[in-house]
Amino acid sequence: MSFTKEDIIRIAKEENVRFIRLQFTDLLGTIKNVEIPVSQLQKALDNKMMFDGSSIEGYVRIEESDMYLYPDLDTWVVFPWVAENRVARLICDVYMPDGTPFAGDPRGILKRVLKEAEEMGYTSMNVGPEPEFFLFRTDANGNPTTELNDQGGYFDLAPMDLGENCRREIVLTLEEMGFEVEASHHEVAPGQHEIDFKYEEAIKAADEIQTFKLVVKTIARQHGLHATFMPKPLFGMNGSGMHCHQSLFKGNVNTFYDESDELGLSKEARHYMAGILKHARAMAAITNPTVNSYKRLVPGYEAPCYVAWSASNRSPMIRIPASRGLSTRVEVRNPDPAANPYLALAVMLKAGLDGIKRELTLPAPIDRNIYIMSEEERIEEGIPSLPADLKEALHELIRSEVITDALGEHALAHFYELKEIEWDMYRTQVHQWERDQYLTLY
């Protein structure tokens, strides 16, 4: 829906809204907010609400800390889980005091790459995300444990799927907030779930991913559960992905569809995929941004770890779903839900646009199960692997002019620094596995 300032002020009064969360996202993908009383709503709507950017990861130094929040009026929503003293939300872009967009704002970074697509004639990028999550029990103090709340599997239902009631309430809450939920089900691993919602244009899709995470965690807590979007919380079980279905439109025309092609794919779609594959290793630090992300990207657990594509199997990184016409799309399967959705969509779009600009040639599809191929067979087929760990991913990121250009100097420098610290903390930590292996042996 579209809202005017007058609409928002009227609805706030009618719904007895007492507080408004002005939300934005930091560089690592964490939702932040400044909460204001409804008496300050007009000031916020006039883009006059200031906050201290030096306290936010990847933003600015303390001597240049004043920043402004510009609400996107179309993101207005009243949270349905607060009955009294109601709370509403506006998602904001971050601006500098001189009125220019802040170069390190993830939402602004995605807008900048979308502008590049628009200059090439593409009016919209449609995205259908599929973020998966786990539900764990909490202890007597409400702290998360790793105790699963069910032993269900793919598409199981109660009594095997004990998260069913929680998942249903999540769906109902999302629908109250304007989502069009298409399906929800238990995923492969015990305690793992997926809720699919309809595709949207890129900015709204990224906003919805962030809203989805907030709703899932909030409703889970009400059921005595902890929801986590950690990519691989349990050893020996499938991890959680965030497959991203994507297509480029010119007006109402899906530029990825060509009915004369044997697979129904246009030249633009093939060039776009070639760009994604070309830059896959460099994008990994953004689409799979944590140390834990690379515990998911291993053979045997349905997550893609090889840079290839296919229209007929799910082991490659890119799959082409069966639908054609307006629904023709590319499914990129390696991103995980720890990714900052604005940055992940920005780098995937940038890579795809580079493929179109340079008319990169798409390699032949790999229709065999890559997981059972030998290393020699993969080399012979020219199938690279995604990075094995975060350190390798950061090395690939910093070498790519295309992906670093998508991020911009400010975001790149701060993101790289934060992730180098994360890797170093992980590298120097002594883990339980090491104690189990070596403490009595040596």
Side-chain angles (χ1 to χ4, degrees), residues 26-30 57-58 131-153 162-163 186-193 213 216-217 220-221 224-242 281 284-306 334-340 371-372 375 385-398 415-442:
D26 74 10
L27 206 55
L28 298 181
T30 304
E57 289 285 17
E132 298 167 340
F133 59 95
F134 277 81
L135 293 175
F136 291 104
R137 297 184 189 276
T138 54
D139 64 18
N141 297 318
N143 297 316
T145 70
T146 54
E147 183 184 347
L148 292 164
N149 77 307
D150 70 64
Q151 291 298 318
L162 300 180
H186 200 289
E187 257 297 337
V188 174
Q192 188 183 32
H193 303 267
K213 291 180 179 179
V216 168
K217 285 180 173 290
R221 189 169 64 244
L225 299 170
H226 174 73
T228 181
F229 292 90
M230 180 180 177
K232 184 84 168 185
L234 298 171
F235 172 71
M237 296 185 185
N238 284 28
S240 291
M242 187 175 69
R281 287 175 55 81
I286 305 299
T287 56
N288 307 92
T290 70
V291 163
N292 181 254
S293 296
Y294 298 86
K295 307 294 179 72
R296 167 181 168 257
L297 299 179
V298 295
Y301 298 97
E302 299 189 10
C305 41
Y306 304 113
N334 66 299
D336 66 52
N340 183 323
Y371 298 135
I372 63 173
E375 184 177 357
S385 297
L386 286 167
D389 54 42
L390 181 60
K391 180 65 174 179
E392 186 181 345
L394 291 171
H395 176 71
E396 294 290 335
L397 168 65
I398 207 72
F415 180 87
Y416 190 86
E417 180 184 12
L418 290 168
K419 290 299 167 178
E420 281 274 89
I421 292 170
E422 179 180 335
W423 174 257
D424 200 52
M425 289 175 65
Y426 170 74
R427 182 184 63 82
T428 57
Q429 180 65 254
V430 178
H431 301 275
Q432 185 60 43
W433 182 90
E434 297 170 85
R435 286 189 284 269
D436 292 341
Q437 290 290 116
Y438 306 132
L439 197 60
T440 58
L441 183 61
Y442 297 106

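Below, each value reflects all heavy atoms present in this structure, side chains not excepted, and no hydrogens, waters or symmetry copies.
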task = Taking side chain to side chain contact (heavy atoms under 4.5 Å, CB included) as the test, write out the residues that go with Thr145, two or more places apart.
result = Arg137, Asp139, Glu147
message = Rounded to the nearest 0.5 Å, what separates atom CG in Asn288 from atom CG in Leu386?
response = 7.0 Å
Worked check of side chain to side chain donor-acceptor pair (under 3.5 Å) between Glu422 and Thr290 = CA-CA 8 Å; Glu422 179 180 335; Thr290 70; 4.9 Å; no
ask   = Taking only residues two or more places apart in sequence, or in another chain, which ones meet Thr138 in a side chain to side chain contact (heavy atoms under 4.5 Å, CB included)?
value = His226
request  = Dump the intermediate steps for side-chain contact (heavy atoms from CB on, under 4.5 Å) on Phe229 and Lys217, then the final yes or no.
outcome  = CA-CA 9 Å; Phe229 292 90; Lys217 285 180 173 290; 4.1 Å; yes
query = So, do Lys232 and Met237 sit near enough that their side-chain heavy atoms are less than 4.5 Å apart?
reply = no
note = Tightest non-hydrogen contact, residues Glu434 and Gln429, listed as OE2-O, 3.6 Å
key: salt bridge (charged side-chain N to carboxylate O under 4.0 Å, His left out) partners for Lys295, two or more places apart   = none
query = For the atom pair CD (Glu132) and CZ (Arg296), what is the distance rounded to the nearest 0.5 Å?
reply = 7.0 Å
inquiry  = Let me confirm one number: the OG1-CG distance from Thr30 to Asn340, rounded to the nearest 0.5 Å.
reply    = 8.5 Å
note = One should read off an interatomic distance between Ser240 OG and Phe134 CZ, to the nearest 0.5 angstrom, of 4.5 Å
ask   = Among all residues two or more places apart in sequence or in another chain, which pass the ring-ring contact (aromatic ring centres under 6.0 Å, His included) test with Phe235?
value = none
task = Could you check Leu418, Asp336, Leu394 and say which one makes a side chain to side chain contact (heavy atoms under 4.5 Å, CB included) with Pro289?
result = Asp336
request  = Could you label the plane-to-plane angle of the Trp433 and Tyr438 rings as parallel, tilted or perpendicular, counting under 30° as parallel and over 60° as perpendicular?
outcome  = perpendicular
ask   = When the ring planes of Tyr426 and Trp423 are compared, do they come out parallel, tilted or perpendicular, using 30° and 60° as the limits?
value = tilted
key: Qualifying residues under side chain to side chain contact (heavy atoms under 4.5 Å, CB included), relative to Asp436, sequence neighbours excluded   = Gln432
message = Quick check on Lys391: does its NZ atom have over 12 non-hydrogen neighbours (other residues, nucleotides or ligands) under 6.0 Å away?
response = no
ask   = Do Leu148 and Phe136 come within less than 4.5 Å of each other through their side chains, counting heavy atoms only?
value = yes
ask   = Atom CZ in Arg427, atom CG in Asp389: separation rounded to 0.5 Å?
value = 12.0 Å
query = Of all residues at least two apart in sequence or in a different chain, which pass the salt bridge (charged side-chain N to carboxylate O under 4.0 Å, His left out) check with Glu417?
reply = none
task = Find out whether Ser385 and Cys305 are in side-chain contact, i.e. whether some heavy atom of one side chain is under 4.5 Å from a heavy atom of the other.
result = no
message = Looking at Glu420 and Tyr416, would you say the former's side chain and the latter's main chain have a donor-acceptor pair under 3.5 Å?
response = no
remark   = To the nearest 0.5 Å, atom OG1 of Thr146 lies from atom CE of Met230 at 10.0 Å
